[in-house]
Novice: 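Provided herewith is a single structure, encoded as structure tokens, for subsequent inquiry.
Sequential numbering from 1 along the given sequence is applied to the chain's residues. This structure is a prediction, so every number in the text was calculated from the model and none was measured. The figures here come from the full heavy-atom set of this structure, side chains too, leaving out hydrogens, waters and symmetry mates.
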Amino acid sequence: MSSITDVTPADESATPARRARPAKRRAEGQWALGYREPLNANEQTKKDDNPLNVRKRIENIYAQTGFDGIDKSDLRGRFRWWGLYTQREQGYDGTYTGDENIDLLEAKYFMMRVRCDAGALNLAQLRTIAGISTEFGRDTADLSDRENVQYHWIEVENVPEIWRRLESVGLKTTEACGDCPRVVLGSPLAGESLDEIIDGTPAIDEIVRRYIGNPEYSNLPRKFKTAISGQQDVVHEINDVAFIGVEHPEHGPGFDLWVGGGLSTNPMLAQRVGAWVPLEEVADVWEGVVAIFRDYGYRRLRSKARLKFLVKDWGIEKFREVLETEYLKRPLIDGPAPAAPERPIDHVGIQKLRNGLNAVGVAPIAGRVSGTILSKVADAAERAGSDRIRFTPYQKLIVLDVADDKVEQLVTELEALGLPASPSPWRKNLMACTGIEFCKLSFVETRKRSQALVPELEERLADINAQLDVPVTININGCPNSCARSQIADIGFKGQLVDDGEGNQVEGFQVHLGGALGFDAKFGRKLRQHKVTSAEFGDYIERVVRTFVKERTPGERFGEWVVRAEEADLR
């Protein structure tokens with residue numbers, strides 16, 4: 001081997017080798033770095049007019065002109081800041097899904113999302129939601145996994161009256177969609193759970209009061225999702241920012257700060273900042289995190305415009321440093337991590353509350369209810385002495401403050417509405433997105449299909465249900481955006497068009513297996529080239545679940561089994 005001194009010097013007359021110029025990195029449109037000019041059409045729309053301003057045009061112009069009078073930049077952009085998306089035109093299957101067909105797919109009706117921060121409602125609010133559904137939404141009302149209610153078939157002419165009714169009982173649609181702070185997830189049993197470390201309700205209320213509808217934070221690179229709870233019942237690992245209850249050995253109960261979670265086509269789990277935040281400082285820290293996203297978030301490509309990409313590129317240490325030095329102007333207190341739960345906390349069933357009364361949690365199939373059903377829920381809750389209803393991040397519904405002698409009566413009445421408090425594991429552990437029934441982005445039917453799938457699974461698997469001492473979650477998505485969290489389900493389905501073996505494009509799904517949050521948070525395993533058509537749906541689920549029950553070791557969870565299972569057993 002030659003040493004460096006053995007190398008013959010180059011001929012001094014020779015032309016020196018040209019050093020390669022380093023590739024110039026493209027600007028990501030970060031405001032804090034001076035890039036204020038819009039780099040895509042969405043950013044241009046927000047710069048042209050603050051999206052919050054579209055409300056006046058809806059009230060004063062579009063409600064009079066009707067759908068055909070709506071400016072396209074308002075219709076396909078700014079309307080979202082007031083909870084409005086156009087829904088899918090009926091009769092177009094998944095082969096039409098795509099931006100090139102937007103004019104065909106865009107019906108003259110809207111999905112409207114009602115903002116229910118922490119999923120908290122009283123009876124007057126629930127009855128108002130129900131009445132709007134029956135009068136203006138063809139009796140549609142779906143519970144989302146963000147603790148919201150979603151209507152369909154809403155006409156722009158009726159939007160001002162809907163807002164009037166919602167706001168008369170303290171509800172709103174402000175920033176329920178759009179590139180802004182979306183609904184804040186909170187514990188459905190906040191302030192009442194026996195397992196709660198601290199009640200996050202005051203912080204949620206303060207964030208909503210200070211910042212929702214505030215123009216300073218209405219132009220973010222993309223949507224911004226928040227979760228705040230004194231226990232781990234708000235899927236905190238997949239939110240942009242989360243505050244989770246933890247006991248500090250010196251300072252007492254407070255919150256552990258997490259940032260950078262999100263799913264869609266590039267899923268990432270949130271990371272712990274390592275900071276303990278007292279209740280009275282949560283709103284300030286939240287503002288700092290949102291401001292970082294606003295100022296440093298990537299605005300060039302929509303596909304990279306979520307906080308998770310910035311956190312990934314910076315690293316958690318730099319993120320904390322910028323938060324402390326540039327925004328909070330003070331250091332945060334180091335804190336411990338919360339102990340991980342062993343399974344999702346969904347609050348389905350009957351449980352005691354701190355006030356001595358009971359919570360009754362029930363399970364509609366994939367959150368599908370109606371205005372008629374919600375009205376009857378309100379009546380049943382009132383007869384049981386309750387004035388507090390809660391929605392959950394798992395598309396479920398809870399009635400609080402039920403006395404012991406009223407529990408059985410309420411359970412019976414809700415069961416008659418198709419809302420059991422002791423549901424089968426398939427009804428309890430299944431979620432679905434809106435699907436092709438109403439969503440322009442979807443390739444397949446999801447929520448509507450789930451209404452038939454659950455009874456089918458209950459019958460098919462009746463002989464083994466008693467052997468399932470661990471949940472097997474099923475999440476069904478109509479497209480890659482993962483609104484129903486396909487990557488973190490035991491069995492997750494991502495809708496797409498697949499070849500049926502005879503050259504035909506049919507509805508089908510890519511399968512994710514063994515995903516989870518909580519005890520062993522991870523994304524599901526994808527099998528190479530493995531697709532399931534909608535016709536094979538029930539058969540596939542039954543086959544995999546029966547194999548799991550047959551091969552599992554005592555106490556083994558589905559996700560643990562998937563890791564060691566033979567690939568043939570998962571197909």
Novice: Side-chain contact, heavy-atom cut-off 4.5 Å: Asp401 with Leu353?
Specialist: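 Side-chain contact under 4.5 Å: yes.
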
Novice: State whether the side chain of Lys225 and the backbone N or O of Leu185 hold a donor-acceptor pair below 3.5 Å, judged by distance alone.
Specialist: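 Checking the backbone N and O of Leu185 against the side chain of Lys225, no donor-acceptor pair under 3.5 Å is found.
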
Novice: Inspect the surroundings of NZ in Lys448 and state if more than 12 heavy atoms from other residues, nucleotides or ligands are less than 6.0 Å away.
Specialist: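 Open: at most 12 neighbouring heavy atoms sit under 6.0 Å from NZ of Lys448.
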
Novice: Give the intermediate values and the outcome of side chain to side chain donor-acceptor pair (under 3.5 Å) for residues Trp153 and Thr140.
Specialist: CA-CA 8 Å; Trp153 302 109; Thr140 57; 5.5 Å; no

Novice: Do Phe558 and Val470 have side chains that get closer than 4.5 Å, going by heavy atoms?
Specialist: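 A side-chain contact under 4.5 Å is absent here.
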
Novice: Spell out, as yes or no, whether a donor-acceptor pair under 3.5 Å connects the side chain of Arg388 to the backbone of Leu400.
Specialist: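 Pair absent, no side-chain N/O of Arg388 close to backbone of Leu400.
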
Novice: Is it true that the side chains of Thr533 and Asp500 contain a donor and an acceptor less than 3.5 Å apart?
Specialist: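 Looking only at side-chain atoms, Asp500 and Thr533 do not form any donor-acceptor pair under 3.5 Å.
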
Novice: Please check if the side chain of Arg115 supplies one atom and the backbone of Thr174 the other of a donor-acceptor pair under 3.5 Å.
Specialist: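 Yes, the answer is positive, given that a donor and an acceptor are paired below the 3.5 Å cut-off.
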
Novice: Side chains of Ser482 and Gln487: do they bring a donor and an acceptor to under 3.5 Å?
Specialist: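 Yes.
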
Novice: For the residue pair His347 and Lys396, establish whether any side-chain heavy-atom pair is separated by less than 4.5 Å.
Specialist: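 A side-chain contact is absent here, since even the closest heavy-atom pair is not under 4.5 Å.
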
Novice: Please say whether more than 12 non-hydrogen atoms of neighbouring residues, nucleotides or ligands are located less than 6.0 Å from CD in Glu157.
Specialist: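 It does: Glu157 CD has more than 12 such atoms within range.
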
Novice: So which heavy atom on Ala403 is nearest to which on Asn358, and how close?
Specialist: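 Distance-wise, the nearest heavy atoms are C-ND2, 3.8 Å.
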
Novice: Closer than 3.5 angstrom, by distance alone: can the side chain of Arg354 be matched with the main-chain N or O of Ser193 as a donor-acceptor pair?
Specialist: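 Yes, Arg354 side chain to Ser193 backbone: donor-acceptor pair under 3.5 Å.
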
Novice: For the side-chain contact (heavy atoms from CB on, under 4.5 Å) test, which of Val159, Asn158, Val156 pairs with Phe110?
Specialist: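 Running side-chain contact (heavy atoms from CB on, under 4.5 Å) over Val159, Asn158, Val156 with Phe110 returns exactly one hit, Val156.
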
Novice: Any sub-3.5 Å donor-acceptor pair from Arg525's side-chain atoms to Val562's backbone N or O?
Specialist: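 Indeed, once roles are kept as given, a pair shorter than 3.5 Å links the two residues.
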
Novice: Checking salt bridge (charged side-chain N to carboxylate O under 4.0 Å, His left out) between Arg557 and each of Asp490, Asp520, Asp469, which is the one that passes?
Specialist: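 When Asp490, Asp520, Asp469 are each tested with Arg557, the salt bridge (charged side-chain N to carboxylate O under 4.0 Å, His left out) holds only for Asp520.
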
Novice: Is it the case that Arg55 places NZ or CZ above or below the six-membered ring of Trp82, under 6.0 angstrom from the centre and within 45 degrees of the axis?
Specialist: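 Yes, a cation-pi geometry.
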
Novice: Which of these, Arg306, Lys223, Arg182, Arg222, sits in a salt bridge (charged side-chain N to carboxylate O under 4.0 Å, His left out) with Asp240?
Specialist: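 Exactly one candidate clears the test, Arg306.
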
Novice: Under 6.0 Å between the ring centres of Phe509 and Phe537?
Specialist: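 Ring-ring flag for Phe509/Phe537: true, centres closer than 6.0 Å.
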
Novice: Any heavy-atom pair between the side chains of Pro338 and Gln232 that's under 4.5 Å?
Specialist: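 Contact flag for Gln232/Pro338 side chains = yes.
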
Novice: Indicate yes or no for a side-chain donor-acceptor contact from Tyr540 to the backbone of Leu570 under 3.5 Å, with no hydrogens or angles considered.
Specialist: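 Present.
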
Novice: Does a side-chain heavy-atom distance below 4.5 Å link Trp258 with Val241?
Specialist: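 No, their side chains stay 4.5 Å or more apart.
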
Novice: Any heavy-atom pair between the side chains of Glu196 and Leu189 that's under 4.5 Å?
Specialist: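 No, side chains not in contact.
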
Novice: Just checking, Arg138 and Tyr109: is the charged tip under 6.0 Å from the six-membered ring centre and within 45° of the axis?
Specialist: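 Relative to the ring axis of Tyr109, which defines the angle, Arg138 lies inside both limits.
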
Novice: What pair of heavy atoms forms the shortest contact from Leu143 to Val149, and how long is it?
Specialist: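 Smallest interatomic distance, heavy atoms only, reads CD2-CG2, 4.1 Å.
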
Novice: Please determine if Asp117 and Arg209 form a salt bridge, counting it only when a charged side-chain N lies under 4.0 Å from a carboxylate O.
Specialist: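 Not counted as a salt bridge, because no side-chain N and carboxylate O are separated by less than 4.0 Å.
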
Novice: Considering only heavy atoms from C-beta outward, does the side chain of Val544 approach that of Thr547 to under 4.5 Å?
Specialist: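 No, side chains not in contact.
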
Novice: Do you know which of Lys526, Lys494, His530 makes side-chain hydrogen bond (donor to acceptor under 3.5 Å, both in side chains) with Gln510?
Specialist: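 Of the listed residues Lys526, Lys494, His530, the side-chain hydrogen bond (donor to acceptor under 3.5 Å, both in side chains) partner of Gln510 is Lys494.
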
Novice: Verify, without hydrogens or angle tests, whether Thr173 (side chain) and Ala176 (backbone) share a donor-acceptor contact under 3.5 angstrom.
Specialist: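 No; zero donor-acceptor contacts below 3.5 Å.
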
Novice: With a sphere of 6.0 Å drawn around CD of Glu408, does it hold more than 12 non-hydrogen atoms of other residues, nucleotides or ligands?
Specialist: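 Open: at most 12 neighbouring heavy atoms sit under 6.0 Å from CD of Glu408.
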
Novice: Can a donor-acceptor pair be found, under 3.5 Å and without considering hydrogens, that links the side chain of Asp145 to the backbone of Gln395?
Specialist: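 Flag not set: sc Asp145 to bb Gln395 has no pair under 3.5 Å.
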
Novice: Looking only at atom types and distance, does a side-chain atom of Arg447 sit under 3.5 Å from a main-chain N or O of Ile476, one as donor and one as acceptor?
Specialist: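 Such a contact is absent between Arg447 side chain and Ile476 backbone.
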
Novice: If every non-hydrogen atom of Ile58 is compared with every non-hydrogen atom of Trp163, which pair is closest and at what distance?
Specialist: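 So the two residues come closest at CD1-CH2, 3.7 Å.
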
Novice: With side-chain contact (heavy atoms from CB on, under 4.5 Å) as the test, pick out the partner of Phe493 among Asn475, Ile541, Asn477, Thr446.
Specialist: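 Going through the options one by one, the only one that passes is Ile541.
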
Novice: If you count heavy atoms of other groups shown closer than 6.0 angstrom to NZ of Lys531, is the number above 12?
Specialist: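 Counting other residues, nucleotides and ligands, NZ of Lys531 exceeds 12 neighbours.
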
Novice: Within the 4.5 Å heavy-atom criterion, are Asp233 and Pro188 side-chain neighbours or not?
Specialist: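 The answer is yes; the side chains approach within 4.5 Å.
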
